[in-house]
Asks: 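Handing you a structure now.
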Amino acid sequence: MSSSAHVGTTAYTDTPLKRTFPTVAMPALAYTPLVAEETAAAYEKVRHIIPAIEWPAYAPYVKAINDLKKERNAVILAHNYMTPEIYHGVADIVGDSLQLAKEAARSTADVIVQCGVHFMAETSKILNPDKTILMPDMGAGCSLAESITAADVRGLREKHPGVPIVTYVNTSAEVKAECDICCTSSNALQIVESLGAPRVLLIPDKYLAANVALHTDVEILTWEGACVVHQRFTGAEMREYRESVPGVKIVAHPECPTDVTEEADYTGSTSGMITWVKQNKPEKVLLVTECSMADNIAVETPGVDYVRPCNLCPYMKMITLPKILESLLHMRDEVVVDPVVAQRARTAVERMINLQS
Ligand code: 13P
Ligand code: SF4
């Protein structure tokens, strides 16, 4: 018999259900007139980036995945950095880390396929212990999540007794379990200030911490973590773009160094950046982030010219249509979180979600 834990307003079993799923045969994956017809709407959204001659290689996967989702009662949660054929072709929900966590919490599907990186899938599992959470590629990690361990956090607690610890969601479940509350790029400042403490540890991203410190009187302590995508941008590069592309607007992610965000017209989460572009409709904009962002929103922002550079996230790019199909066909790889760790991590994630609702 499974006992239940009560965290926040939601009851959770601490012995997750083990579901069995029927075997499904591999679909034919041919570009038939039916496939063309059923994927035509998706193609309209990606035609600016995928030439017509290449669509027959993607479309059969798009149709097969969408059919299989119905059969498995599955939902695809996709991060804003997914490639356009995933973002527009098969995703049910797209968003930044906070939006995906909230959607995971309210999902009624039996299966969640996480098209993003491993910490995002763990967050879904933490919030849904009884659901099957699938990762199309278990190797899709994150340089921030890999920068810190649970033992490191215990060391920080010993070194800074009484200082609350806020962890960015880009961390493992074990790290979240050692922390007081989570934050994402969209709410880090609000979470830090909500604690009412004069001093807060905000880990593991030293740049997110530095960006929050620019806007608060709370003393921010941090960790030596950084995002491999955003740490490479520089303030000098931003100034060069301002000179060479007159009138360009600069929109940055808070994982960038502060000399970048200080040059920016707006700094915010990936969804915050998208909203800013949609609302302000700049003629030319530089999205200082991962490359797929501009590809994904171009169709919804006619008249906006996206100026490069951008950097690819090697982890996010591990997720592909063939891997998503394999994942749903064979129900793998399933994300598992130790129930005791999950319960402690859930407290930190739910504190954040409850502060936002
Ligand atoms: P967002 O929550 O802003 O989408 O950021 C997640 C991430 O990994 C950015 O690098
Ligand atoms: Fe992690 Fe950076 Fe990739 Fe986001 S972009 S998943 S922070 S490595």
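Read the numbers this way: they start at 1 and go in the same order the structure lists the ligands and their atoms.
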Asks: Would you name the heavy atoms of Val169 and Cys182 that are closest together and state the gap between them?
Replies: CG1-CB, 4.1 Å
Asks: Hey, does His230 sit under 4.0 Å from ligand 1 if you only count heavy atoms?
Replies: yes
Asks: Any atoms of ligand 1 less than 4.0 Å from a non-hydrogen atom of Tyr81? List them with their elements.
Replies: 9 (C), 10 (O)
Asks: Nearest protein heavy-atom contact for atom 10 (O) of ligand 1: which residue, which atom, what distance?
Replies: Glu255 OE1, 2.8 Å
Asks: For Tyr43, check ring-ring contact (aromatic ring centres under 6.0 Å, His included) against everything at least two apart and list the hits.
Replies: Trp55
Asks: Who pairs with His88 by ring-ring contact (aromatic ring centres under 6.0 Å, His included), at least two apart in sequence or on another chain?
Replies: none
Asks: Can you tell me which residue and heavy atom of the protein come closest to atom 8 (O) of ligand 1, and the distance to 0.1 Å?
Replies: Asn170 ND2, 3.3 Å
Asks: If we only count N/O pairs under 3.5 Å, is Thr184 in contact with ligand 1?
Replies: no
Asks: In the protein, what heavy atom is nearest to atom 2 (O) of ligand 1, and what distance, to one decimal place, separates them?
Replies: Ser97 OG, 2.8 Å
Asks: Sulfur to sulfur, is the gap between Cys227 and Cys142 shorter than 2.5 Å?
Replies: no
Asks: Would you say Thr270 and ligand 1 have an N/O pair spaced under 3.5 Å apart?
Replies: yes
Asks: Might you point out which heavy atoms bring Val337 and Ala342 nearest each other, and give the distance in Å?
Replies: CG1-CB, 3.8 Å
Asks: What residue and heavy atom of the protein are closest to atom 3 (O) of ligand 1, and at what distance?
Replies: Ser185 OG, 2.6 Å
Asks: Please list, in number order, the atoms of ligand 1 under 4.0 Å from a heavy atom of Asp96.
Replies: 1 (P), 2 (O), 4 (O)
Asks: Residues in ring-ring contact (aromatic ring centres under 6.0 Å, His included) with Trp223, at least two apart?
Replies: none
Asks: Under 4.5 Å between any side-chain heavy atoms of Asp259 and Glu263, yes or no?
Replies: no
Asks: For ligand 1, does His253 get within less than 4.0 Å through its side chain, its backbone, both, or neither, judged by non-hydrogen atoms?
Replies: side chain
Asks: In this structure, are over 12 heavy atoms from other groups packed under 6.0 Å from Leu34 atom CG?
Replies: yes
Asks: Do any N/O atoms on Ser269 end up under 3.5 angstrom from N/O atoms on ligand 1?
Replies: no
Asks: Should the pair His230 and Phe233 be assigned to parallel (<30°), tilted (30 to 60°) or perpendicular (>60°) ring geometry?
Replies: tilted
Asks: Assess whether side chain to side chain donor-acceptor pair (under 3.5 Å) is satisfied between Lys131 and Ser124, documenting all intermediate values.
Replies: CA-CA 9 Å; Lys131 290 195 198 309; Ser124 291; over 6 Å; no
Asks: Mark the output for His79 as yes if a heavy-atom distance to ligand 1 is under 4.0 Å, and as no if none is.
Replies: yes
Asks: Pick out which of Ile133, Ile112, Val349 makes a side-chain contact (heavy atoms from CB on, under 4.5 Å) with Leu127.
Replies: Val349
Asks: Under a 4.0 Å heavy-atom cut-off, what residues line ligand 2?
Replies: Tyr81, Val117, Cys142, Ser143, Leu144, Asn170, Cys227, Val228, Val229, Glu255, Cys313, Tyr315, Met316
Asks: For the residue pair Glu262 and Thr267, establish whether any side-chain heavy-atom pair is separated by less than 4.5 Å.
Replies: no
